[in-house]
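Below you'll find the structure, written out as structure tokens, and then a few comments.
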Amino acid sequence: MILPVHDRLRAHVAHLLTSLYALAPAETPPIVLDYPPNRDLGDLGTPLAFELARRLRKAPKAIAQEIASAFGTVEGVVGVSAAANGYLNFFLDRRPFLLDRLAGPAGTTLRDEARFAGKAIVEHTAINPNKAAHIGHLRNSALGDTLVRVLKFRGIPVEVQNYIDDTGVQVADVVVGFRVLEGKTFDEIRAIADSTRFDYFCWDLYARVTEWYDGDKEARLKHRTDTLHDIEHGGNENADIAAFIADRIVRCHLKTMARMNVDYDLLTWEGDILRLKFWAQAFDVLKAKGAVYLQTEGRLAGCWVMPIQEDEEPKAQSQEPEEAEEREKVIVRSNGVVTYVGKDIAYQFWKLGLLGRDFHYRVFALRPNGDPLWATCSTGGENDHPLYGGAAYVYNVIDVRQSYLQKLLKQALVAVGHPEGAERSHHFSYEMVALSHATARELGVAPAPDSEDAKRPFVEVSGRKGLGVKADDLLDTLTRNAGAEVGKRNAELGDEERLRIAQMIGIAAVRYFLIKFSRGKVIAFDLEEALSFEGESGPYIQYAVVRANNIFQKVQQRFGLDEAALLTSLKDIPAGELTGEHGTQDLWALVLEASRLDEVVDQVIRSLEFSVLAKYAFSLAQSFNAFYHRSPILNEERDDVRRWRAAAVIYVRDQLTRALDLMGITVPPRM
RNA sequence: GCGCCCGUAGCUCAGCUGGAUUAGAGCGUCGGCCUCCGAAGCCGAAGGCCACAGGUUCGAAUCCUGUCGGGCGCACCA
């Protein structure tokens, strides 16, 4: 891990600037550290002298030289040089650097600013519990779960919540499907749930209901409204059926997500937010603070509304008085029913510990690791449950189309006097998953050749129409393909082991694929591309680690050298291979790159951009592949050289394994 | 109309708070490498006025303004 070195260097240089140029700490420019293009120039460098040139009225090169000659000593740094172009470069003490890292703890230490801040809540997945999960939901949970892992790596306590909208239109529609279209009784629905892939069954049924509505909206949509009403009020059969459906579908989703190595601490049910009157509580606060008011005239008469603050200052003169009229968002409808935004405000208040009410809690299921998975409930529940809510930071992983609502959420927090809560509420937004034209054709959902849709770069998926790639189908296909490849290469493996490995590879392929694009980009999902286990893919990185493991195992067998013995011996043997005296910097360059994981994670959390992590892991794997092709380990005759190379193999293997773990990817024993 | 996002090699994309001769990957194309730690691999070649125009800066793919393309959002739906 490299960040401690960064911190030491920055502190030292900052101190140097104050004594050298009498710069007050406030005047010192931020000290940017980066990596010179090659190891001969240095290991770390800073363009600081350019920054100071104007203020000090000196040439950058002269400044760099002054700093270099006054540099003194910093632990772990053995050299400083002022490059001809004005860069200031540092050389690290290589042997202790590598030995420290091989011996050091796995995680990073929490930096001061984060240490006492409290826990973070990450909400992700939140699939409507009325049909099977699809590829778009996978992007959400892959991003959300990676965020969780990355925050934990940083030392931040995290609570993972999955929000279940069990009282919404989508569930109501499936109830309508069962009751009105199919004429099924509750018992018959139970029988169907017990004897079919229920999430798949509902997927089709939901599409049929949507189509049926379209046939005669006037008459048929009333079924939806009535059912919705029943569900909201409870104590009737429709409500019981809706609860049953939601429960069963959520269990399907959890299974799908478990395949993806995605796990949760708590399921929060919208129904409980309603029944426990979270909204009423939040509503009182909003009213008391004047954040919402009752509109008495115009088209929104009778609604409780929240004024919408525009970001831009109104362009004063240019606007007509009528147009400058304030915009309003309805929070409570004129019929007294709260909107989605209202419920979400209450939920967000609770997440931040600002509501003053809590759920009851029950155990819903067992998690893959054997711990209980908790869910909210309205009454009863266990007395002895972990504490939930009341977080210092909240990340809501929701697609970009909800940006507007998420903005309103923050406004509500500001309006009730909690600007810091708004500050600490993050909308982790990301773009949609669509289908490539090739894949749409393959699935038989291609748009008509001369339609508008055919001209677009990708084909939209639609849960309502049942168009899209179901998550489990995709995972099945990936596993099957991976299994065939594994079988080809490892004929001696038994079926069970082959399947186990194939699953690891398949998951690596999807998860990496869903992470490697920046989140602001629409993914045009292409089956063939996602199935590819070559090139920039999860399996490529797994392969590098598997090779590293193999190589080191053979080192152990052939030379009787275990890890501990190897590491101890490194203290005393000649280090020419590491220090570059043998004419190549390859080994050191690889070690230095491998050490940057913590820096990358830091950047990932700052930017919430996981493509950075994906690219880093991939290019480290690439460097490693190139390294062992060029630098033999088992066949190397010089003992000290072999030991250093083996040490590098261990370090890179460990760092890559950690990087993969952050992406929810495990390392198979062979592949 | 207003707001947000995107526009980098044939295709799909990286390029973080602006910085170091040739702007990087993957796929595809072309050419090499399995008696030598597993070829899901490695090495090499071709391929780019970083949408366009201004500006800021010692220095811009990166920051600012504008233009043009494309996507999404702006419900008493969630």
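Convention: sequence-line order gives letters A, B, ...; per-chain numbering from 1. The figures that follow rest on heavy atoms only: side chains count, while hydrogens, waters and symmetry mates do not. Here the structure is a predicted model, which is why all the values come from computation and not from measurement.
For the OP1/OP2 pair of B:A25 and a distance below 4.0 Å, the side-chain nitrogens and oxygens of A:K516 include no atom meeting the criterion. Neither OP1 nor OP2 of B:A40 sits under 4.0 Å from any side-chain N or O of A:K488. The phosphate of B:C4 (OP1 or OP2) has no side-chain N or O of A:Q406 nearer than 4.0 angstrom. A:Y543 has a side-chain polar atom (N or O) that falls below the 4.0 Å cut-off from OP1 or OP2 of B:A40. Between A:S518 and the phosphate of B:A14, there is a side-chain N or O to OP1/OP2 separation shorter than 4.0 Å. Note on A:R299: a side-chain N or O is less than 4.0 Å away from OP1 or OP2 of B:C76. Under 4.0 angstrom from either OP1 or OP2 of B:A39 there lies at least one side-chain N or O belonging to A:R547.
Remark: ring of A:Y87 stacked against base of B:A20; centroid gap under 5.5 Å, plane tilt under 30°.
The cationic atom of A:R642 (NZ for Lys, CZ for Arg) lies less than 6.0 Å from the six-membered ring centre of A:F559 and within 45° of the ring axis. Remark: A:R139 is not positioned above the aromatic ring of A:Y430, lacking an NZ or CZ atom under 6.0 angstrom from the ring centre and at most 45 degrees off the axis. Remark: A:R653 qualifies as a cation-pi partner of A:F552 under the 6.0 Å distance and 45° angle criteria applied to the six-membered ring.
Listed candidates were B:G73, B:C72, B:A40. Nearest to the side chain of A:V400 is B:C72. If you check B:G73, B:G26, B:A20 against the side chain of A:E536, the one that comes closest is B:G26. Listed nucleotides: B:G38, B:A25, B:G73. Nearest to the side chain of A:V546: B:G38.
Residue A:E270 contributes atom CD, which lies 8 Å from atom C1' of B:A78 at whole-angstrom precision. One interatomic measurement links the two molecules: CZ of A:R630 to C1' of B:C33, which rounds to 15 Å at whole-angstrom precision. Distance A:F50 CZ to B:U17 C1': 17 Å, rounded to the nearest Å. The CD1-C1' distance, from A:I541 to B:G41, rounds to 14 Å in whole Å. In this structure, NZ of A:K615 is placed 7 Å from P of B:A14, rounded to the nearest angstrom. Here B:G7 presents its P atom at 14 Å from CZ of A:F517, a figure rounded to the nearest Å. The distance from atom NZ of A:K407 to atom P of B:C5 is 11 Å, rounded to the nearest whole Å. Between the CG atom of A:L41 and the P atom of B:G19 there is a distance of 17 Å, given to the nearest Å.
Contact annotation for A:S631: base contact, defined as any heavy-atom pair under 4.0 Å involving a base atom. The residue A:E534 sits close only to the backbone: its heavy atoms come under 4.0 Å of sugar-phosphate atoms, none of a base.
Checking B:C72 for Watson-Crick or G-U wobble geometry (two distances, each under 3.5 Å) identifies B:G3 as its partner. The partner of B:G59 cannot be assigned: no Watson-Crick or G-U wobble pair with both contacts below 3.5 Å exists in any strand. Across all strands shown, B:U17 has no partner, as no Watson-Crick or G-U wobble contact with both distances under 3.5 Å is found. Remark: B:U65 base-pairs with B:A53. Criterion, Watson-Crick or G-U wobble with two distances under 3.5 Å. The pairing partner recorded for B:A39 is none, the criterion being a Watson-Crick or G-U wobble arrangement whose two distances lie under 3.5 angstrom. Shown here, B:U12 forms a base pair with B:A25; the pair counts as Watson-Crick or G-U wobble because both key distances fall under 3.5 Å.
A:I331 contributes atom CD1, which lies 7.0 Å from atom CG of A:L408 (distance to the nearest 0.5 angstrom). In this structure, CG in A:D272 is found 11.0 Å from OH in A:Y347, a value given to the nearest 0.5 Å.
Judged by closest nucleotide on RNA chain B, A:I501 is the one of A:L300 and A:I501 placed further toward the 5' end. Of the two residues near RNA chain B, A:L44 and A:A621, the one whose nearest nucleotide lies more 5' is A:L44.
The two atoms that bring A:S623 and A:L590 nearest to each other are CB-CD1, 3.8 Å, heavy atoms only.
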- request: Dump the intermediate steps for ring-ring contact (aromatic ring centres under 6.0 Å, His included) on A:F618 and A:Y540, then the final yes or no.
  value: CA-CA 8 Å; A:F618 172 64; A:Y540 175 97; 5.0 Å; yes
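For B:G38, its base sits under 3.5 Å from the side chain of A:N550 at one donor and acceptor pair at least. With hydrogens and angles ignored, a donor-acceptor pair under 3.5 angstrom links the side chain of A:N85 to the base of B:A20. Side-chain atoms of A:N625 and base atoms of B:A40 include no donor and acceptor less than 3.5 Å apart. A donor and an acceptor atom sit less than 3.5 Å apart, one in the side chain of A:S334 and one in the base of B:C76.
Taking 90° from 0 as the syn/anti boundary, the base of B:C34 is oriented syn.
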